[in-house]
Structures are given as structure tokens and as C-alpha cells.
Amino acid sequence: MSRAEQPGLPESDPQDTLAPERRREILRQAISVGAATGAYGVSFGALATAAGLSVLQAQALSALLFTGGSQFAIVGILAAGGAGSAAIATSSLLGVRNGLYALEDAQFLKVRGLRRVAAAQLTIDESTAVGLAQPEESGKRLGFWATGLAVFVLWNLTTFIGALAGNALGDPKKYGLDAAAAAAFCALVWPRLRSADALVTAAFAAALALAAAPHTPAGVPVLIAVIAAVVVGVRRHPGLHEKPIDITDHPAHPHDPDADRPSAAGDPAEGDGHSGGRP
Amino acid sequence: MSLWTVVLLSALLGFVLKFAGYLVPAHWLEGPRMSRVTTLLPVALLSALIITQAFTGDGGALVLDARAAAVAVTVVLLLLRANFIVVVLLAAAVAAGLRAMGSG
């Protein structure tokens with residue numbers, strides 16, 4: 001789990017070393033997100049074999065595709081007698097958001113070679129959410145890797161159990177696990193909403209997704225929310241952050257996007273590795 | 001199309017989509033506007049994900065059930081600065097409790 005601290009990082013800023021209590025806090029988040037998600041693996045394994053997949057095929061999806069939304073869509077479509085091409089198309093549509101997460105994850109992970117392949121495979125809702133919830137760069141890296149690995153291990157283990165044993169646990173909704181997942185995502189996005197831009201983006205994105213949901217196929221409502229990030233990011237008034245009275249988007253706040261991201265003066269590939277306060 | 005084709009092709013496309021995000025040249029994302037957009041992207045996607053997971057039913061229509069109640073409790077707990085694990089456990093308990101009582 002400590003791979004985020006290993007060599008290979010461009011620089012070791014002494015301020016970027018995590019205090020033990022921060023490490024524990026991040027690892028606790030990673031494990032609880034992994035456990036809540038892992039419980040769904042039992043459902044997935046059971047549904048996959050019920051839809052006609054072999055245990056090995058269910059396991060291959062959890063290890064290789066490794067993105068829950070797409071996996072559930074595939075077995076749902078196959079179980080309903082849908083075409084394989086429809087299953088692949090829906091899975092890919094749901095997978096587009098992982099590529100969009102990667103744009104931001106790449107900024108703090110700064111990975112190359114095999115580590116980049118591993119990071120890409122672990123780029124999912126959960127790892128991104130825990131990573132981005134941390135204020136400091138090393139915290140983001142630890143959050144991403146720890147959560148990605150925790151979910152990967154538990155998801156694959158529980159897929160195997162579900163595929164072999166069927167859904168002995170019953171519907172995870174009975175235990176409120178769907179609500180636990182939504183609550184975890186809320187708690188992880190929460191610290192970022194102190195910036196006015198992020199708050200407006202979140203509200204706009206939620207409204208767009210709700211409006212699109214009844215009229216578009218699975219995966220599309222979430223992708224339509226990209227419009228919110230683009231509109232808010234592009235059309236922001238240039239002088240807004242200089243106004244002295246702006247309690248929600250305080251200039252000194254570490255989450256102010258303008259204070260956080262000075263354009264890198266050095267090697268562009270290295271990004272602004274020295275700014276520890278990027279949200 | 002065989003099941004193995006579906007499994008392996010969707011896995012391949014899923015990985016390509018994830019990896020593609022890491023291959024975008026860093027200088028494309030520089031500049032104040034693009035970096036604001038990429039910073040806001042996960043917030044937009046995760047907010048949309050929460051809303052669709054917690055507030056929509058099978059056909060995508062708005063549904064207010066045990067999940068919505070749990071999210072409302074979550075927001076209150078977050079305003080009270082409750083601990084992460086407390087928030088997650090209480091949200092699960094609210095949804096499970098409401099469903100056990102048959103309302104949700």
C-alpha cells in the first residue's frame with residue numbers, strides 16, 4: 001500500500017510527507033470504500049453466472065474490465081437476451097468517464113511505464129474520489145493507490161465467491177449498501193465544494209444528469225454532466241477571485257483553483273509538482 | 001458473438017478508455033481554462049453519478065426512496081462534520097432500516 005511513497009516520484013518535498021495520522025485516516029477511507037464496494041462483487045458474481053457466464057468469464061470481467069457499472073450492464077444485457085454488441089457498446093459508454101477521471105488523476109500520480117498501466121487499470125470512481133478528497137499531493141497518491149488496490153482485491157475475491165456460491169448474502173440493498181456507496185461519494189466530494197466554482201459545477205452537473213436520465217441510455221447522463229465542468233471552467237470571470245469579499249471562494253483558501261495551479265514554468269511533463277495544495 | 005468475445009472485447013475497450021486519459025499530453029491541459037476544466041471534471045462526474053445512483057429508478061425517472069433519505073441524512077452529517085465512517089455506516093443503516101420497515 002505504500003507504493004505511493006516509493007522512489008520514482010520526481011521530487012521529495014519534505015512538506016509532502018504524510019503524518020502517520022493522515023496515513024491512517026486515508027487508509028481507513030480506502031478500506032471502508034473497498035469493503036462497501038466489495039460487497040457488491042458477490043452480487044456481480046452471482047448475476048454473471050446466472051446470465052450464463054462461466055466462473056472464469058465473470059472473474060475475467062472483474063480483473064480485466066474492472067469497472068462495476070460496465071460489468072453490471074454487460075450481465076444485465078446478456079441476461080435479458082440482448083446482443084453481445086449492445087453489451088460491449090453500453091459497457092464502453094459507461095467506461096468513458098474513467099478516461100476523463102484519468103485526465104485529473106494523471107496530474108497528481110505522475111506515473112510512467114508499468115506504473116502508468118497499473119494506474120490506468122485502477123482508475124475508477126472510487127480511487128479517483130478518495131484521491132481527490134485529499135488536500136495534499138502525497139495524500140492524493142496514497143488515497144488513489146490504496147483505494148484502487150483495496151477495491152481490486154476485494155472486488156475480485158467477492159466476484160469469485162458470488163460466482164461459485166451464488167448470492168448467499170441476498171440483495172446488498174437489504175443492508176443499505178447502495179446508500180452507503182452514495183454516502184461515501186458524497187463525503188468524498190464534500191471537501192471540494194468549498195470552492196464556489198466546484199459548488200456551481202456540482203449543482204449544474206446533478207441537474208443535467210437528472211434531466212437527461214429518463215431520455216438517454218445508461219452512462220450518458222453522467223457524461224452529459226461534463227458540460228457543467230466545461231461551462232463553469234471556461235466562462236469564469238477573470239477577476240472574480242480578486243474580489244476581497246467572497247466568503248465561499250476565499251483567495252487564501254487552498255481549494256481556490258487559481259491559487260492552486262500556477263502554470264508550470266519548468267518541464268511541462270513534470271507539471272507543477274511543488275504545489276501541494278491543488279484540490 | 002461468443003461470450004468470451006464479449007468479455008475480452010469489453011475489457012480491452014474499457015482499458016483503452018482508462019489508459020487514453022493518461023496519454024493526453026500534459027501541455028494540452030495547461031493554461032488556466034483547461035486546468036480549471038480538468039479540475040472540475042471529477043466533481044461534475046461524481047456529482048452526476050451520486051444523483052443518478054441515489055435519485056433515479058429503472059427507466060431513469062426521478063425516484064425518492066430510502067436512498068434519497070440516506071443521502072439527506074448524509075448531507076446533515078457532513079454539515080455537522082461527522083467522521084467519514086460514521087457517515088457511511090449511518091447512511092447504510094437509514095436505508096436498511098427504512099427498507100426493513102417496508103418504506104423504500
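First the proteins, then the strands, lettered A, B, ... as listed; each starts at 1.
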Proximity breakdown for A/Val189 and chain B, heavy-atom pairs closer than 4.5 Å: side chain
Got B/Met34 and A/Val234 here, is their nearest side-chain heavy-atom distance under 4.5 Å? no
Measuring from A/Leu210:CG to B/Phe55:CZ, what's the distance to the nearest 0.5 Å? 8.0 Å
What residue, out of B/Ala61, B/Gly14, B/Ala44, has the most heavy-atom pairs lying under 4.5 Å from chain A? B/Ala44
Tell me, side chain or backbone of A/Ser91 under 4.5 Å from chain B's heavy atoms, or both, or neither? side chain
Working to the nearest 0.5 Å, report the span between CG of A/Leu100 and CG of B/Leu41. 5.5 Å
Is it the side chain or the backbone of A/Val111 that comes within 4.5 Å of chain B heavy atoms, both, or neither? side chain
To check you understand the geometry: which heavy-atom pair defines the closest contact between B/Met1 and A/Ile88, and what is its length? SD-CD1, 3.6 Å
Heavy atoms of A/Gly233 and B/Val37 approach each other most closely as CA-CG2, 3.9 Å
So, the part of B/Phe19 with a heavy atom under 4.5 Å from chain A: the answer is both
Can you list the steps and then say if A/Arg192 with B/Thr39 is a side-chain contact (heavy atoms from CB on, under 4.5 Å)? CA-CA 10 Å; A/Arg192 310 202 5 125; B/Thr39 303; 3.8 Å; yes
Could you tell me which of B/Thr56, B/Leu77, B/Asn83, B/Leu40 has the largest number of non-hydrogen atom pairs under 4.5 Å with chain A? B/Leu40
Heavy-atom pair of closest approach, residues A/Ala179 and B/Ala95: CB-CB, 3.4 Å
Report which part of A/Ile124 has an atom under 4.5 Å of a heavy atom belonging to chain B: side chain, backbone, both, or neither. side chain
Can you tell which part of B/Val75 gets under 4.5 Å to a heavy atom of chain A, answering side chain, backbone, both or neither? both
Closest heavy-atom contact between B/Tyr22 and A/Ala102? CE1-CB, 3.4 Å
Count the heavy-atom pairs under 4.5 Å between each of B/Val71, B/Leu90, B/Val24, B/Val88 and chain A, then report the option with the highest count. B/Val88
Looking only at heavy atoms, the pair that brings A/Ala202 and B/Ser47 closest together is CB-OG, 3.2 Å
Winner by heavy-atom pair count (cut-off under 4.5 Å) against chain A, out of B/Leu49, B/Thr52, B/Val87, B/Thr74: B/Leu49
A/Phe204, part contacting chain B, at a heavy-atom distance under 4.5 Å: neither
Residue, of A/Pro214, A/Ala106, A/Ala184, that accumulates the most heavy atom pairs under 4.5 Å with chain B: A/Pro214
Cut-off 4.5 Å, heavy atoms of chain A, and the answer for B/Leu12 is neither
To the nearest 0.5 Å, tell me how far B/Arg33 CZ sits from A/Arg235 CZ. 10.5 Å
Ranking A/Ala207, A/Ala83, A/Ala58, A/Ala198 by heavy-atom pairs under 4.5 Å to chain B gives rank one to A/Ala198
Rounded to the nearest 0.5 Å, what's the gap from OG on A/Ser54 to CH2 on B/Trp4? Could you check? 5.0 Å
Residue pair A/Trp190 / B/Leu79, side-chain heavy-atom distance below 4.5 Å: yes
Nearest 0.5 angstrom please: B/Ser2 OG to A/Gln57 CD, how far? 7.5 Å
Under a 4.5 Å cutoff for heavy-atom pairs, which residue among A/Ala89, A/Ala63, A/Ala228, A/Ser92 has the most contacts with chain B? A/Ser92
Does any heavy atom of chain B fall under 4.5 Å from the side chain of A/Ile74, the backbone, both, or neither of them? side chain
Sort B/Leu78 into side chain, backbone, both or neither according to what part of it lies under 4.5 angstrom from a heavy atom of chain A. both
Proximity breakdown for A/Phe185 and chain B, heavy-atom pairs closer than 4.5 Å: both
B/Ser10, part contacting chain A, at a heavy-atom distance under 4.5 Å: both
Contact origin within B/Ala20 toward chain A - heavy atom pairs under 4.5 Å: neither
How far apart are the closest heavy atoms of A/Val96 and B/Leu17, and which atoms are they? N-CD1, 3.8 Å
Residue, of B/Pro25, B/Ala70, B/Gly59, B/Ala54, that accumulates the most heavy atom pairs under 4.5 Å with chain A: B/Gly59
Carefully, step by step, assess B/Phe15 and A/Gln121 under the rule side-chain contact (heavy atoms from CB on, under 4.5 Å). CA-CA 6 Å; B/Phe15 181 78; A/Gln121 183 63 349; 3.3 Å; yes
For the interface with chain A, which of B/Val16, B/Val43, B/Leu45 has the highest count of heavy-atom pairs at distances below 4.5 Å? B/Leu45
Go through the atoms of A/Ser32 and report whether side chain, backbone, both or neither lie under 4.5 Å from a heavy atom of chain B. side chain
Donor-acceptor contact below 3.5 Å, side chain B/Lys18 vs main chain A/Leu65: yes
Against chain A, label B/Ile85 side chain, backbone, both or neither, depending on which of its atoms sit under 4.5 Å from a heavy atom there. side chain
If you count heavy-atom pairs within less than 4.5 Å of chain B, which of A/Leu53, A/Leu177, A/Thr128, A/Thr67 leads? A/Leu53
Report, as yes or no, whether the 6.0 Å neighbourhood of atom CG on A/Leu114 holds more than 12 heavy atoms from other residues, nucleotides or ligands. no
Look up atom CG in B/Leu3 and atom CG in A/Leu78, then write down how far apart they are to the nearest 0.5 Å. 6.0 Å
Per-residue contact mode, A/Ser85 against chain B (heavy atom under 4.5 angstrom): both
Ion pair check, B/Arg99 and A/Asp178, cut-off under 4.0 Å: yes
Give the member of A/Gln29, A/Glu25, A/Arg97, A/Lys174 that has the highest number of heavy-atom pairs under 4.5 Å with chain B. A/Gln29
